[in-house]
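Values below: all heavy atoms of this structure, side chains included; hydrogens, waters and symmetry mates excluded.
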Amino acid sequence: MEPSRGSGEQALPQHPESGTTATAAFPPPRSAPESGASTASPEGSRPPRSPWSVAALALTAVLLAGALLTHLAMVFLSLAPTNAVSSKHRERIDAYVQPEFGQDWRLFAPNPQQRNEAVGVRLRTAGENGTPALSGWVNLTAEDVETIRGNLAPSHAHQNMLRRAWDGYVNSHSLKDRPRRGPLGELSRTYLKRVVLQRIGREWQGRRIVGVQVAGRFTAVPPPSWHHEKASDTTEYRVLPWWPVTDQDYREL
């Protein structure tokens, strides 16, 4: 019997030889694979890694893990309270952490800065005939404040370079200006001197600079009116020794 075509559906094509309805034009139904049969094609299989590549990957992972643990340990010891390990290896820890990985937690400190700090310099100069002269004190911090005042996006260098250079020196030297941290002490002295000379230049009032002396001035911030604490009205100073100035001090930082 010929299939009815009144329903709007097209008749399935007839196989030219058998006369039966052909199903070759349609994809066969997917059936579940037999137990134990592999579903992956040989072309898509991934060859196993060689022992050398596995060993190289394992060695790389071990080295990276070791480097990470060493870095975390160095940073932790530099921030942790003084202990037997940090006291014994202080120079090695500082040489690794400073200055690339130095940490500053002042933003989150429970006891924020409570005094105004200013860094100043005076200069020893020489005229054309070699006669020496001494300048007055120049307040470098006040110049930095005026530079960033009213600027919505001030320079990071003008805000922090001089302060960090001063902090680096006083933290690595005793009150008698003796280095306490080996090579870091000498580096901090050279850095502070170069930062100061970068602000001043090679000459002062037409005379060549041959020596500098840096000093810090510290004044306590008065507490608010509603607080019972009474702040000291004494201004403290720390005056560093004179340092000679050469052309080497004007190299780029």
Side-chain angles (χ1 to χ4, degrees), residues 23-113 148 152-174 178-195 198 248-253:
T23 59
F26 296 88
R30 286 184 286 181
S31 59
E34 297 181 2
S35 176
S38 175
T39 59
S41 60
E43 293 79 1
S45 61
R46 179 177 298 177
R49 298 183 183 275
S50 67
W52 290 107
S53 63
V54 174
L57 290 174
L59 179 60
T60 303
V62 171
L63 292 177
L64 291 177
L68 178 61
L69 291 176
T70 301
H71 173 76
L72 294 177
M74 288 293 191
V75 175
F76 172 78
L77 290 174
S78 69
L79 298 175
T82 303
N83 53 71
V85 177
S86 61
S87 299
K88 182 178 180 180
H89 304 284
R90 173 56 58 186
E91 293 186 9
R92 183 175 300 177
I93 293 172
D94 290 339
Y96 176 83
V97 174
Q98 302 293 342
E100 288 83 1
F101 307 113
Q103 304 293 315
D104 189 351
W105 300 105
R106 290 186 179 183
L107 178 63
F108 308 100
N111 187 21
Q113 194 80 358
I148 67 176
L152 296 179
S155 167
H156 181 78
H158 279 102
Q159 293 184 82
N160 295 320
M161 181 181 290
L162 180 63
R163 176 182 62 83
R164 294 296 297 270
W166 172 266
D167 289 346
Y169 179 88
V170 298
N171 291 333
S172 60
H173 287 74
S174 66
R178 295 177 180 175
R180 295 184 299 184
R181 296 188 178 180
L184 183 61
E186 179 64 23
L187 178 63
S188 64
R189 183 185 70 85
T190 303
Y191 182 68
L192 176 59
K193 182 167 65 169
R194 288 188 182 182
V195 169
Q198 187 183 61
Q248 188 76 3
D249 296 318
Y250 290 96
R251 293 190 310 170
E252 291 294 331
L253 296 176

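From L184, atom CG reaches atom CD1 of I93 across 12.5 Å, with rounding to the nearest 0.5 Å. In this structure, CE in M74 is found 10.0 Å from CG in D94, a value given to the nearest 0.5 Å. We find the OG1-NZ distance between T190 and K193 to be 6.5 Å, quoted to the nearest 0.5 Å. To the nearest 0.5 Å, atom CG of residue L77 and atom CZ of residue R92 are 12.0 Å apart.
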Sequence neighbours excluded and cut-off under 3.5 Å, please list the side-chain donor-acceptor pairs for residues 51-72, or say none.
| from | atom 1 | to | atom 2 | distance (Å) |
| --- | --- | --- | --- | --- |
| S53 | OG | S50 | N | 3.3 |
| S53 | OG | S50 | O | 2.8 |
| S53 | OG | S50 | OG | 3.3 |
| T60 | OG1 | A56 | O | 2.9 |
| T70 | OG1 | G66 | O | 2.8 |
| H71 | ND1 | Y96 | OH | 2.9 |

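Taking both residues in full, the closest heavy atoms of S86 and P81 are given as OG-O, 4.1 Å, listed atom of the first, atom of the second, then distance. Annotation for V195 and A165: closest pair CG2-CB, 4.2 Å, computed over non-hydrogen atoms. Looking at every heavy atom in both residues, R180 comes nearest to N171 through NH2-O, 3.0 Å. Residue P179 comes nearest to G185 through the heavy atom pair CB-CA, 4.3 Å, listed as atom of the first residue, atom of the second, then distance. S188 and G168 get closest at one heavy-atom pair: CB-O, 3.7 Å.
Put simply, the side chain of H173 gets close to the backbone of Y169: a donor and an acceptor are under 3.5 Å apart.
Within a 6.0 Å radius of CZ in R49, no more than 12 heavy atoms belonging to other residues, nucleotides or ligands are found.
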